[in-house]
Amino acid sequence: VTVDLEDRLRRTLAAKAAQVTDVAPLVAAPAPAPRRRWPLTLAAAATVLVAALAAVLVADRDAPDDRPASTVPPVPATVPASWGGPVGMVAGDGRLFVHFDAHTGAGEGGLATFDPASGEVTPLAELDRGSAVAYGDGALWAFSPAARQVARLDPETGTEVRTSAALEGLGAGGYRMAVGAQTIWMVPYDWSSPVRVLDVETLVETVGGHVDRPSTGPVVVDDVAYVGSEVDGLQRVDAAGEVQPTGVPGRITDVAAGDGGLWVTTGDATWLASEVSWVPLDGGEPVGQGTLALEGGVTAIGVVDDRVCLHGENALDNPTIRCASQPAPGDPVTVDASREDGGWAWGDLVELDGQLWGADADDGVIRRIDPETARTTRVAEVQALDP
Amino acid sequence: MTDDFDELYRREHLGFTRLAYLMVGSAAVAEELVHDAFAALFAEAGEVRNPGGFVRTALVRRCLTWRSRRTMERERLALVGEPPPTGEPEVDETWDALRKVPADRRAVLVLRYYADLSHDEIAELLDIPVATSRSRAHRGLADLRKELEP
């Protein structure tokens, strides 16, 4: 029986592989270009930091983690099966919302409210598959790639209060969205479409500039949004959609707003090594940064006051939460709490009442993270996953 | 270096894309992961002794973890231009079942039964013990059998 199954598997793999013939690459082969290098001043600063950080790295890696992550049984919750799994959370107005998306198959998506005290998940609104959700300027916002519209949602009922005109010339891969300073920023997942900005009152759109290979963001600080690039470091996008480099280099993997600055993570393409940096801002301009090299990758980031927590993996590929405090300007970052945990966060970690929250579409679990200890608690488990 | 890179890309792109497709189940995502793996090689600026091996290792690692790294959002791209069912019931049923096998076990199955790698080679590629490779293959076949049961 096993031999039959093995043969059947071999035939299947060969037949399916043969279907991949001349599929055109999403992008052309990487164009020949000089290897990007940091400015000499930054390189020199990095060299000095490496020695200073070596002891920190060793201390972090060797720190015992004798207290396991919490295993409190989560509260079961249900949403319509067509919604798929929880792919992210949004915080606003003292409340938490869970974004669901059936990223494959025939399902759709949805938005639910989440009660952190009881773990109760209550469906609020249906969304088109691939929608983007954000909270800003006192309202919930959703972008539908199917309708090509941005809608303002009533956070109590989930109903559409106002809807933009259909946006023209959108990219095929969907958008990330952030709202603040009377502006909606939309950054494409694909590598060739421009940034879009909309006025929150008029919902009139402006087609902005391009970010080369956008990887993360937008994150709104004051009246500017910051967007990470896989090749061009951290970029700044103003309310008119104009894109400018910040001078923060690297293959940006995550960015989050802190108190007076930004937390920025970078990582190599194989996710074997990464860095986290605290980047103070002065008038929107980076004014030096403190950095810590990390083994493994960073996949999600969350900030509570002066604490940052990084969700990712350690050198052994185990999902890990690592937390650090905001350093003094110019000082390196020091991870002072690190714990392995069995789940993954699919969207950014969001803050409510001094705790961070993340959702995992693989197992449907919503977790709470204590930023002081990096301890996680499974608070709710959504029963309906991918249809 | 650029000529060597271009030659490697032309020679291996399709093969790597097929391998990635079987591991992640999406041709579009496979394309993106292959591109990223080649981009990682390019970033090394000629400092890699075995470029093909470097790309394969980078690719397999990305195939194993891509779902966990927020690239799920890019899975939406998978809705565009996917290879259709083959029309052969046995193949299509097995493919559907294989897509439900956990990623780490599925990776071993693809490397073993498509790439024809030994467990020693798989263990080295995935940086896991040989025994783990064997157990993942065993459990992956068990998963597959369970999915195919009427």
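These numbers come from the heavy atoms of this one structure, side chains and all, not from hydrogens, waters or symmetry mates. Naming convention: chains lettered A, B, ... in sequence-line order (proteins, then strands); numbering from 1 in each chain.
- Residues passing the ring-ring contact (aromatic ring centres under 6.0 Å, His included) test with A/Trp141, sequence neighbours excluded: none.
- Contact annotation for B/Leu19: neither backbone nor side-chain heavy atoms come within less than 4.5 Å of a heavy atom of chain A.
- B/Leu148 places a side-chain heavy atom less than 4.5 Å from the side chain of A/Arg8.
- Taking every heavy atom of both residues into account, A/Ala15 and B/Val91 meet most closely at CB-CG1, 3.9 Å.
- A donor-acceptor distance shorter than 3.5 angstrom exists from the side chain of A/Gln19 to the backbone of B/Pro84, with no hydrogens or angles considered.
- Between the side chain of B/Arg18 and the backbone N or O of A/Val20, at least one donor-acceptor pair lies under 3.5 Å.
- If you measure heavy-atom distances from B/Leu109 to chain A, the contacts under 4.5 Å come from both the backbone and the side chain.
- Applying the salt bridge (charged side-chain N to carboxylate O under 4.0 Å, His left out) test to pairs two or more places apart or on separate chains, none has a residue in residues 106-126 of chain B.
- Remark: B/His35 NE2 to A/Arg213 CZ distance equals 5.0 Å, nearest 0.5 Å.
- Of the inter-residue distances, the one linking A/Leu9 atom CG with B/Tyr113 atom OH reads 7.0 Å to the nearest 0.5 angstrom.
- In this structure, the side chains of B/Thr86 and A/Thr12 stay at 4.5 Å or more apart for every pair of heavy atoms.
- Proximity to chain A (any heavy atom under 4.5 Å) is shown, for B/Val34, by neither the backbone nor the side chain.
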Handout entry: B/Thr94 vs A/Arg11, side chain to side chain contact (heavy atoms under 4.5 Å, CB included): CA-CA, chis, key distance, verdict
Key = CA-CA 9 Å; B/Thr94 308; A/Arg11 288 195 299 274; over 6 Å; no
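- Other residues, nucleotides and ligands contribute at most 12 non-hydrogen atoms within 6.0 Å of the CZ atom of B/Arg56.
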